[in-house]
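Read through the structure below, which is laid out as structure tokens, and then see the notes.
Note that ligands are numbered from 1 as they come in the structure, with each ligand's atoms numbered from 1 the same way. Throughout, residue positions are numbered sequentially from 1 according to the sequence presented.
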Amino acid sequence: MTGEEEIAPQGIDVATPHIARIYDYWLGGKDNFASDWAAAEQVMLTTPTIKPGVTANRAFLSRAVRHMVGEGVTQFLDIGTGIPTANNTHMVAQDADPESRVVYVDNDPIVLTHARALLAGVTAPTSFVDADLRDIGRILEEAARLLDFGRPVGLLLIAVLHCVPDDEDPRGIVRTLLDALAPGSFLAITHPGIDQLPEQMAAAEDALTKAMGFRVTFRTREGGSAFFSGLDLLDPGVVPLQDWRPDPDALPTATTGMWGGVARKP
Ligand SMILES: C[S@@+](CC[C@H](N)C(=O)[O-])C[C@H]1O[C@@H](n2cnc3c(N)ncnc32)[C@H](O)[C@@H]1O
């Protein structure tokens, strides 16, 4: 047994890099192992924008959630949560409205381990579902324990849809989730773009796919926009995510390579 295997939570494969831990490394977190560092550094060699990009992605999440709370939405379904870090959805939402309810969903055991620890000290209504994005029935059933699907919900698919290849019908998955939501619900998506910084992002897509042993699919702006089909897309539309309603006092952010958008269900 290696030293890493000894300190890793039980049942966690630390020898194979994992997207949640690679992402945690880029964000400066501590919940990652040598295989994750190697994969993360490999991507950074060809795509130096990735590190500022993931930080900008978290900032987008905060802005989108604050906007939704401002529109009266106080229930959130955050799928592909990631390892808890600063400004998690429940922190942003409950800061804006302490009554906000948040259900997190992720399919990664290490995320689950950390989420349990994080949520142990949280008194506001927040829960965690260990499920795959493709398992919609289970997600909705479990989320309904905390969320009232008769009222609007903020659905967050932040940097997760690239983990579902086209042949597994990610658009159908999003449509089915939206069908379960009340009018006035919101959808926020961020997605790595293949048509922003195309050479860098193609290299990142390739490196991640090879390192993790499963295919990630970066999409064009058009491909990302298709997830919002049938919804009212908020201004300024699907844009480089750092340009989505930036905070007035925010410093300009370099190109991130990622698309972001928010829409309302009519
Ligand atoms: C790049 S991280 C993004 C984390 C967070 N949403 C954010 O943007 O900061 C992607 C997360 O999605 C999760 N994930 C990937 N594929 C998934 C799937 N099929 N079902 C549920 N979660 C998934 C990973 O475990 C990881 O935590």
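Contacts between Cys163 and ligand 1, counted as non-hydrogen atom pairs separated by less than 4.0 Å, involve the side chain only.
Close contacts of ligand 1 with Arg58, meaning ligand atoms under 4.0 Å from a residue heavy atom, involve 5 (C), 7 (C), 9 (O). Close contacts of ligand 1 with Ala131, meaning ligand atoms under 4.0 Å from a residue heavy atom, involve 21 (C). Applying the 4.0 Å criterion to heavy atoms of Asp108 picks out, from ligand 1, the atoms 25 (O). Those atoms of ligand 1 that come under 4.0 Å of a heavy atom in Leu133, given as number and element, are 18 (C), 19 (N), 20 (N), 21 (C). The contact set between ligand 1 and His18, taken as ligand atoms under 4.0 Å from a residue heavy atom, comprises 25 (O).
Taking any N or O of Gly82, backbone or side chain, at least one lies under 3.5 Å from an N or O belonging to ligand 1. For the pair Asn57 and ligand 1, the shortest N or O to N or O distance falls below 3.5 Å. Ligand 1 has a nitrogen or oxygen under 3.5 angstrom from a nitrogen or oxygen of Asp132. Distances between N or O atoms of Asp78 and those of ligand 1 include no value under 3.5 Å. Considering backbone and side-chain N/O atoms, Val164 never comes within less than 3.5 Å of an N/O atom of ligand 1. Taking only nitrogen or oxygen atoms, main chain and side chain alike, Ile83 does not reach within less than 3.5 Å of ligand 1.
Counting non-hydrogen atoms of other residues, nucleotides and ligands closer than 6.0 Å to CZ of Arg116 gives a total of 12 or fewer.
Seen from the ring of Phe76, Arg101 does not count as a face-on cation partner, given the 6.0 Å and 45° thresholds.
Using cut-offs of 30° and 60° on the angle between ring planes, the pair His191 and Phe227 is parallel.
Side chains of Asp97 and Thr74: no donor on one and acceptor on the other come within 3.5 Å. Between the side chains of Thr256 and Gln242, a donor-acceptor pair is found at a separation under 3.5 Å.
Between Lys210 and Asp206 there is a salt bridge, since a side-chain N of the basic residue sits under 4.0 Å from a carboxylate O of the acidic one.
Checking side-chain atoms of Asp24 against main-chain N and O of Asp31 turns up a donor-acceptor pair under 3.5 Å.
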